[in-house]
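Only a predicted model underlies this, so the values are computations on that prediction, with no experimental measurement involved. Keep in mind that the numbers below use all heavy atoms, side chains included, and drop hydrogens, waters and symmetry copies.
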Amino acid sequence: MQNIINNLPKLAKDKHNENKKFFAKLKKKSPKNLDYIMQELHEEEFKRTDCLKCANCCKTTGPLFTDKDVDRIAKHFRMKTQQFISQYLRVDEDNDYVLQSVPCTFLGADNYCSIYEVRPKACREFPHTDRKKFQQIFNLTLKNVALCPAAFNIVEDMKKRIK
């Protein structure tokens, strides 16, 4: 798995223009059943992919924390919301709450998340390849293929499936 993760940025870079053209074409004319196709591709890929062997998303990027996420996780730690924010989060250039640093503070050496049951919405939904109205997140998907081997494979399968 580490070999795949190490090669992923180069693979994604090599495929970037091809993927960008593919998504531009899809944006103009998406199949009516795109969300259904994506759900199917997502499910097929995650039958083969074990995120615990990878955790590259947790090691290289941090999620956005919504106000609901912050409140839920602070409650989990029995902390005041402001205390949780000052201990773990910062406000980024888009005025969103993000982790102070990566890898994620809550990621264990075994790739398990110590707050898995209350993790942020962004973590629960990553890599967003089964999201409804998938055509709205093509740019995000282009970024995620460089982070997530599963997202990379899903986009490759998508290009084969949708001509």
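Remark: R119 is positioned above the aromatic ring of Y116, its terminal NZ or CZ atom under 6.0 angstrom from the ring centre and at most 45 degrees off the axis.
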Test Q39 against E43 for side-chain hydrogen bond (donor to acceptor under 3.5 Å, both in side chains), laying out the working first.
CA-CA 6 Å; Q39 181 73 42; E43 286 173 10; 2.7 Å; yes
Report the C-alpha distance between D157 and N153 in whole Å, list the side-chain angles of each, state the deciding distance to 0.1 Å, and finish with yes or no for side-chain hydrogen bond (donor to acceptor under 3.5 Å, both in side chains).
CA-CA 6 Å; D157 290 346; N153 292 339; over 6 Å; no
Candidate pair E40 and R161, rule side chain to side chain contact (heavy atoms under 4.5 Å, CB included), full reasoning
CA-CA 11 Å; E40 206 172 273; R161 180 110 172 243; 2.7 Å; yes
Dump the intermediate steps for side chain to side chain contact (heavy atoms under 4.5 Å, CB included) on M158 and L26, then the final yes or no.
CA-CA 11 Å; M158 186 184 177; L26 261 189; 3.3 Å; yes
Applying ring pair (Phe, Tyr, Trp, His ring centres under 6.0 Å), run through Y97 and F65 and close with a yes or a no.
CA-CA 5 Å; Y97 286 122; F65 285 72; 8.2 Å; no
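In this structure, I154 CD1 and H128 NE2 are separated by 11.5 Å, a value rounded to the nearest 0.5 Å. Summarising the geometry, atom CG belonging to L8 is positioned 8.0 Å from atom SG belonging to C54; distances are rounded to the nearest 0.5 Å. To the nearest 0.5 angstrom, S114 atom OG is 5.5 Å from F77 atom CZ. Rounding to the nearest 0.5 angstrom, the gap separating the SG atom in C51 from the CG atom in N111 is 10.0 Å. Note that the CG atom of L41 and the CD1 atom of I37 stand 7.5 Å from one another [nearest 0.5 Å]. The line from NZ of K20 to CG of N17 is 7.0 Å long, rounded to the nearest 0.5 Å.
Applying the side-chain hydrogen bond (donor to acceptor under 3.5 Å, both in side chains) definition to pairs two or more places apart or across chains, none involves residues 21-32. Within the structure, salt bridge (charged side-chain N to carboxylate O under 4.0 Å, His left out) contacts touching residues 57-71 (residues at least two apart or in different chains) are D69-R72, D69-R124.
Residue V118 is grouped with residue M79 when hydrophobic side chains (ILVMFWY) are merged at heavy-atom distances under 4.5 angstrom, including chains of intermediate members. No continuous path of hydrophobic side-chain contacts links L11 to I5 [ILVMFWY only; heavy atoms under 4.5 Å]. Residues V145 and F138 share a single hydrophobic cluster, defined by chaining ILVMFWY side chains whose heavy atoms lie under 4.5 Å apart. I137 and F126 are assigned to two separate hydrophobic clusters, defined by single-linkage of ILVMFWY side chains at heavy-atom distances under 4.5 Å. Side-chain heavy atoms closer than 4.5 Å link hydrophobic residues (I, L, V, M, F, W, Y) into clusters, and following such links, possibly through other members, connects F22 to L140.
Counted within 6.0 Å of CZ on R48, heavy atoms from surrounding residues, nucleotides or ligands total more than 12; the atom is thus considered enclosed. Atom OH of Y36 is surrounded by 12 or fewer heavy atoms from other residues, nucleotides or ligands within 6.0 Å.
D35 has its side chain within reach of Q135: a pair of non-hydrogen atoms, C-beta onward, lies under 4.5 Å apart. Counting only heavy atoms from C-beta outward, the side chains of P63 and L99 approach each other to under 4.5 Å. A 4.5 Å side-chain heavy-atom check between R131 and M38 finds every atom pair outside the cut-off. Inter-residue side-chain proximity for R90 and V98 is flagged as met; some heavy-atom pair is nearer than 4.5 Å. Using a 4.5 Å heavy-atom threshold, the side chains of I115 and P120 count as touching.
Between D110 and K53 no salt bridge is recorded (no basic side-chain N to carboxylate O distance below 4.0 Å). Between K47 and E44, none of the side-chain N atoms (NZ, or NE/NH1/NH2) sits under 4.0 Å from a carboxylate O, so this pair counts as no salt bridge. Using a cut-off of 4.0 Å between Lys/Arg side-chain N and Asp/Glu carboxylate O, K121 and E125 are scored as salt-bridged.
Under the 30°/60° scheme for interplanar angles, the aromatic rings of H42 and F46 are found to be tilted. Between F106 and F84, the ring-plane angle classifies as parallel under the 30° and 60° cut-offs.
Contact between S86 and Q100 at its shortest, heavy atoms only, is O-NE2, 2.9 Å. Nearest heavy-atom pair, A55 versus L107, reported as atom, atom and distance to 0.1 Å: CB-CD1, 4.2 Å. Residues T81 and A74 come closest through the heavy atom pair CA-CB, 3.9 Å.
Without hydrogens or angle criteria, D96 side chain to D92 main chain gives no donor-acceptor distance under 3.5 Å. At least one donor-acceptor pair closer than 3.5 Å links the side chain of N56 to the backbone N or O of L147.
Partners of D14 by side chain to side chain donor-acceptor pair (under 3.5 Å), not counting sequence neighbours, listed by chain and number: K10.
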